[in-house]
S.K.: 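Have a look at the structure that comes next, please.
Within every chain, numbering begins at 1; the chains are lettered A, B, ... in the order of the sequence lines, protein sequences first and strands thereafter. As a basis for the values below, the full set of heavy atoms in this structure was taken, side chains included, without hydrogen atoms, waters or symmetry mates.
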Amino acid sequence: MHLAISLNIAAATGETVLDFSRISKFVRQAEAAGVDMIVSSDTADGPSSSPFEATTLLAALATVTDRIGLVASASTLAHQPYNLARRFASLDIISHGRIGWHATMAQDSREAANFSRPEGFSDTDFRRRAEEYIGIVRGLWQGWDADALLFDKTGGRFHDPEKMHLLDHKGEFFSVRGPLNVARSPQDTPVLVLSGLSEPDLDIAARNADVILLESGSAESAKIRFDDLRRRATAAGRDPDAMRVLTNISFAPDDTRAATADRLESQFRTRSCDGFNIQVRCSMLDEFTDLVLPVLRQRGLVREGYRGTTLRSHLGLAGGGDR
Amino acid sequence: MTAQMKLGAFLWATGHHIAAWRHPKAHVTAGVDIDHYVQLARAAEAAKFDMIFCEDAAGLREANIGIASQTSRSIGFEPISLLSALAVQTSRIGLVSTASTSYNEPYGLARTFLSLDHLSSGRAGWNLVTSASPIEAANFGSTGLKPHADRYERAREFAEVVTGLWHGKASGHDGQSFSVRDPLDLPRSPQGAPVMVQAGASDVGRDLAARTADVVFTAAQTFDEAKAFYDDLKGRMAAYGREPDDIKIMPGVSPVVAETEAEARDKHEELQELIPDDVGVALLSSYLSISDLWRYPIDGPLPELPESEGMKSRQALVVEQSRRDGLSIRQLARHFAGARGHWRIVGTAAQVADELQARFEGGAADGFNVMPSYFPGELDAFATLVVPELRRRGLFRKDYEGRTLRDHLGLKRPV
Ligand SMILES: Cc1cc2nc3c(=O)[nH]c(=O)nc-3n(C[C@H](O)[C@H](O)[C@H](O)COP(=O)(O)O)c2cc1C
């Protein structure tokens with residue numbers, strides 16, 4: 001099974017603010033445990049005492065880790081698609097291919113209010129806009145062929161102009177010429193993680209997402225949603241195995257290790273997801289990595305260590321770099 | 001103690017010379033190699049530079065893709081992610097990134113730079129630019145580059161919102177271009193607020209700087225140009241209730257330095273020889289904001305030009321120099337391609353130090369943004385040859401005294 005750890009750096013009232021060295025210690029701990037990726041949220045409900053914005057935090061974390069995947073949330077309301085594509089492409093090069101972009105399909109009214117959209121968008125406009133946005137970002141990420149850079153000093157050819165592609169997107173909400181001014185990602189494109197899906201978003205997710213995060217529910221409903229998403233992916237002409245569906249699970253330390261492991265095992269064995277996104281307070285991470293994970297490993301449910309070096313390889317997804 | 005100059009290390013991929021990437025000793029994969037930047041940042045920090053400086057453009061630098069493919073400028077790191085990575089790989093040096101007011105929103109930009117400031121424990125700065133390139137504009141809509149005055153009006157409102165957010169202003173903003181409801185959700189900056197840098201030298205650009213900037217980055221070739229700019233900008237500050245010393249003016253300088261003058265000249269000539277004519281002319285065209293310069297005879301003079309809607313200040317600089325020195329298009333192209341309109345000094349450490357000292361003590365600069373011709377060689381040459389010479393003269397610090405970028409620059413901490 002695939003495992004993500006949701007990194008909640010926003011300290012609750014009364015907790016001490018996390019500095020960078022504490023956060024990097026947690027992430028290295030997750031890396032030592034062989035977790036596929038951490039997912040850093042970017043907004044807190046109510047006033048946060050976290051000092052960091054997610055993409056800047058990820059850049060810093062990339063320099064103090066080697067293997068673990070690093071996913072940051074970034075809103076389609078807060079960034080222009082060209083700028084977001086650039087930020088994540090650059091992060092992916094900094095991390096040697098370990099980056100993912102987490103976009104939510106749910107509109108955050110707080111963001112709309114602070115990003116000069118006081119009225120926000122209607123649900124359908126937000127959805128159409130988000131899909132157009134995602135298409136632009138993915139298109140920009142593919143603007144440079146893998147062998148476009150020549151570095152030919154004597155011939156005076158830095159890159160091959162035939163291998164650089166304009167996007168020339170003209171859509172309902174955006175017009176973006178391209179190409180990106182950041183080189184191709186070491187894993188072809190950063191991993192696209194989608195969450196916050198309501199019914200009409202499911203097809204968008206099934207067409208585009210590398211990873212889908214679903215809220216936890218009953219085992220039966222999880223299974224139904226999982227099968228449904230895979231069917232939609234197939235209908236869209238995609239291999240359903242080119243997409244990973246993770247269920248959000250919140251982990252509290254008073255859960256006993258066997259009970260947690262049993263719960264994850266049964267959901268996984270009934271094929272209701274490809275793995276889990278574990279929501280755990282930073283200060284309780286070791287309860288999960290030291291107590292629950294070894295049980296899952298003993299049962300042969302989680303791989304030992306990392307085989308490849310990119311996030312796509314950890315997730316078993318096709319893409320550049322090693323698999 | 002005599003006053004000391006401020007020094008920025010302007011890092012840019014393979015180097016500031018347009019043909020830097022072709023130099024045998026240039027690190028050609030710089031634009032995809034984070035370790036290269038970590039090494040440069042540490043070298044600049046070991047030399048006690050005040051700050052690292054990064055430029056930015058949200059698009060290709062050159063519209064003609066054939067020309068673009070002969071330069072190394074079409075790909076590179078996005079600077080905010082780059083500096084965030086460098087923040088935790090350095091401990092004292094300031095970290096300044098350029099970002100546009102035309103293609104960002106103030107709430108997000110304020111939050112991002114404040115986060116960089118926290119990651120670096122108070123060493124971040126924002127270089128405000130309004131983005132003059134139509135290539136960038138085409139990545140953000142179909143209506144083309146907005147007129148100069150509109151860009152600056154947006155920039156003025158943008159800067160006001162950002163500083164308000166950094167200073168913890170609680171009430172919202174509902175203006176012409178932006179509306180912001182909440183205060184920032186991050187704690188206050190370790191240095192009071194990130195440092196505000198500005199590059200942009202037109203009349204409105206200078207007014208905006210006089211009102212909001214802590215540091216101004218400029219391009220000036222001669223002492224007289226630099227002095228005139230310096231006096232003009234400092235003269236505008238009183239109207240905003242500010243002291244002249246509240247802004248540090250740091251022109252760009254691209255030194256080519258070696259043990260002997262002859263060696264320095266050879267080194268410079270070696271780089272100039274690597275510039276293809278079509279690349280030089282294209283770059284010159286972009287400074288002049290015209291697209292058909294290639295139609296004119298390359299050994300003839302510049303044609304008459306309409307006034308630019310893009311970089312007014314840079315166009316004026318090129319035209320002025322062509323008249324003064326009677327240069328042909330080819331000569332101007334080579335001249336500007338080398339340092340992109342910035343001041344170039346070719347010589348020994350003593351000669352470079354003499355020139356810097358003259359501008360510093362002559363009241364034409366508070367410091368310099370050093371733009372090495374190629375990396376890593378020319379940054380190392382400046383650090384090992386020029387910096388010790390400046391120190392001998394008491395003109396540059398031996399070690400950092402403070403912790404934050406405001407400390408290094410001797411700027412007041414905002415209340
Ligand atoms: C020395 C200098 C450096 C600049 N660097 C950048 C840059 O890195 N990115 C950018 O988009 N604009 C840059 N600019 C452009 C200006 O910020 C501004 O967008 C444009 O020049 C118009 O301003 P002006 O007419 O007031 O000079 C620079 C301008 C100057 C004078």
S.K.: What's the spacing between B:Ser115 OG and A:Phe52 CZ if we round to 0.5 Å?
M.R.: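 The OG atom of B:Ser115 sits 6.5 Å away from the CZ atom of A:Phe52.
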
S.K.: Nearest 0.5 Å, please: how far is OG in B:Ser69 from CD in A:Glu162?
M.R.: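 If I round to the nearest 0.5 Å, the distance is 9.5 Å.
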
S.K.: If you define the side chain from C-beta out and look only at heavy atoms, does anything of B:Asp182 sit under 4.5 Å from A:Arg110?
M.R.: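 Sidechains of A:Arg110 and B:Asp182: in contact.
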
S.K.: Quick check: under 4.5 Å, non-hydrogen atoms only, which of residues 77-88 of chain A neighbour chain B?
M.R.: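 Expected list: A:Gln80, A:Tyr82, A:Asn83, A:Arg86, A:Arg87.
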
S.K.: Roughly how far apart are B:Leu116 CG and A:Leu57 CG, rounded to 0.5 Å?
M.R.: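 Going from CG on B:Leu116 over to CG on A:Leu57, the span is 12.0 Å.
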
S.K.: Could you check whether any side-chain heavy atom of A:Arg184 comes within less than 4.5 Å of a side-chain heavy atom of B:Ile75, counting everything from C-beta outward?
M.R.: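 Not in contact.
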
S.K.: Are the side chains of B:Ser179 and A:Phe115 in contact, using a 4.5 Å heavy-atom criterion?
M.R.: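 Contact flag for A:Phe115/B:Ser179 side chains = no.
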
S.K.: What do you reckon, is CZ of B:Arg403 surrounded by more than 12 foreign heavy atoms closer than 6.0 Å?
M.R.: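 Counting neighbours around CZ of B:Arg403, 12 or fewer heavy atoms of other residues, nucleotides or ligands fall under 6.0 Å, so no.
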
S.K.: So which part of B:Ile34 gets closer than 4.5 Å to some heavy atom of chain A, the side chain, the backbone, both or neither?
M.R.: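 Interface part for B:Ile34: side chain.
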
S.K.: Measure distances from A:Leu166 to the heavy atoms of chain B and classify the residue's part below 4.5 Å as side chain, backbone, both or neither.
M.R.: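 The answer is neither part of A:Leu166.
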
S.K.: Give a yes or no on whether the backbone of B:Leu60 and the side-chain of A:Asn181 come within a donor-acceptor separation of less than 3.5 Å.
M.R.: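 No, the answer is negative, given that no donor and acceptor are paired below the 3.5 Å cut-off.
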
S.K.: What do the steps show when you test B:Ser84 against A:Thr56 for side-chain hydrogen bond (donor to acceptor under 3.5 Å, both in side chains), and what is the final call?
M.R.: CA-CA 5 Å; B:Ser84 303; A:Thr56 48; 4.8 Å; no

S.K.: Please classify the contact between A:Ser24 and chain B as side chain, backbone, both or neither, with a heavy-atom cut-off of under 4.5 Å.
M.R.: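 No part of it gets close to chain B.
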
S.K.: Checking B:Ala138 against chain A: side chain, backbone, both or neither under 4.5 Å from a heavy atom?
M.R.: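 Interface part for B:Ala138: both.
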
S.K.: Flag the pair B:Leu186 / A:Pro51 as yes when at least one side-chain heavy-atom distance between them is below 4.5 Å, and no otherwise.
M.R.: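 Heavy-atom side-chain distance check fails, nothing below 4.5 Å.
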
S.K.: Would you kindly say whether A:Glu53 and B:Thr112 are connected by a side-chain donor-acceptor distance under 3.5 Å?
M.R.: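 No, B:Thr112 and A:Glu53 have no side-chain donor paired with an acceptor closer than 3.5 Å.
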
S.K.: Check for a donor-acceptor pair, side chain of A:Asn114 on one end and backbone N or O of B:Arg181 on the other, with a separation under 3.5 Å.
M.R.: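 Pair found, side chain donor or acceptor close to backbone of B:Arg181.
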
S.K.: So what's closer than 4.5 Å to chain A heavy atoms on B:His23: side chain, backbone, both or neither?
M.R.: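 Only the backbone of B:His23 comes within 4.5 Å of chain A.
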
S.K.: Give, as side chain, backbone, both or neither, the part of B:Val180 having an atom under 4.5 angstrom from any heavy atom of chain A.
M.R.: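 For B:Val180, backbone and side chain are both near chain A.
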
S.K.: To check you understand the geometry: which heavy-atom pair defines the closest contact between A:Thr63 and B:Ala85, and what is its length?
M.R.: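 What the structure gives for the nearest pair is CG2-CB, 3.5 Å.
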
S.K.: Please state whether the side chain, the backbone, both or neither of B:Asn64 comes within less than 4.5 Å of a heavy atom of chain A.
M.R.: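 Neither part; nothing is under 4.5 Å.
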
S.K.: Once rounded to the nearest 0.5 Å, what's the spacing between atom CZ of A:Phe158 and atom CZ of B:Arg22?
M.R.: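 The CZ atom of B:Arg22 is 12.5 Å from CZ of A:Phe158, to the nearest 0.5 Å.
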
S.K.: With a 3.5 Å distance limit and no angle check, can you tell me whether A:Lys170 reaches the backbone of B:Gly141 through a side-chain donor-acceptor pair?
M.R.: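 Checked: no pair found.
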
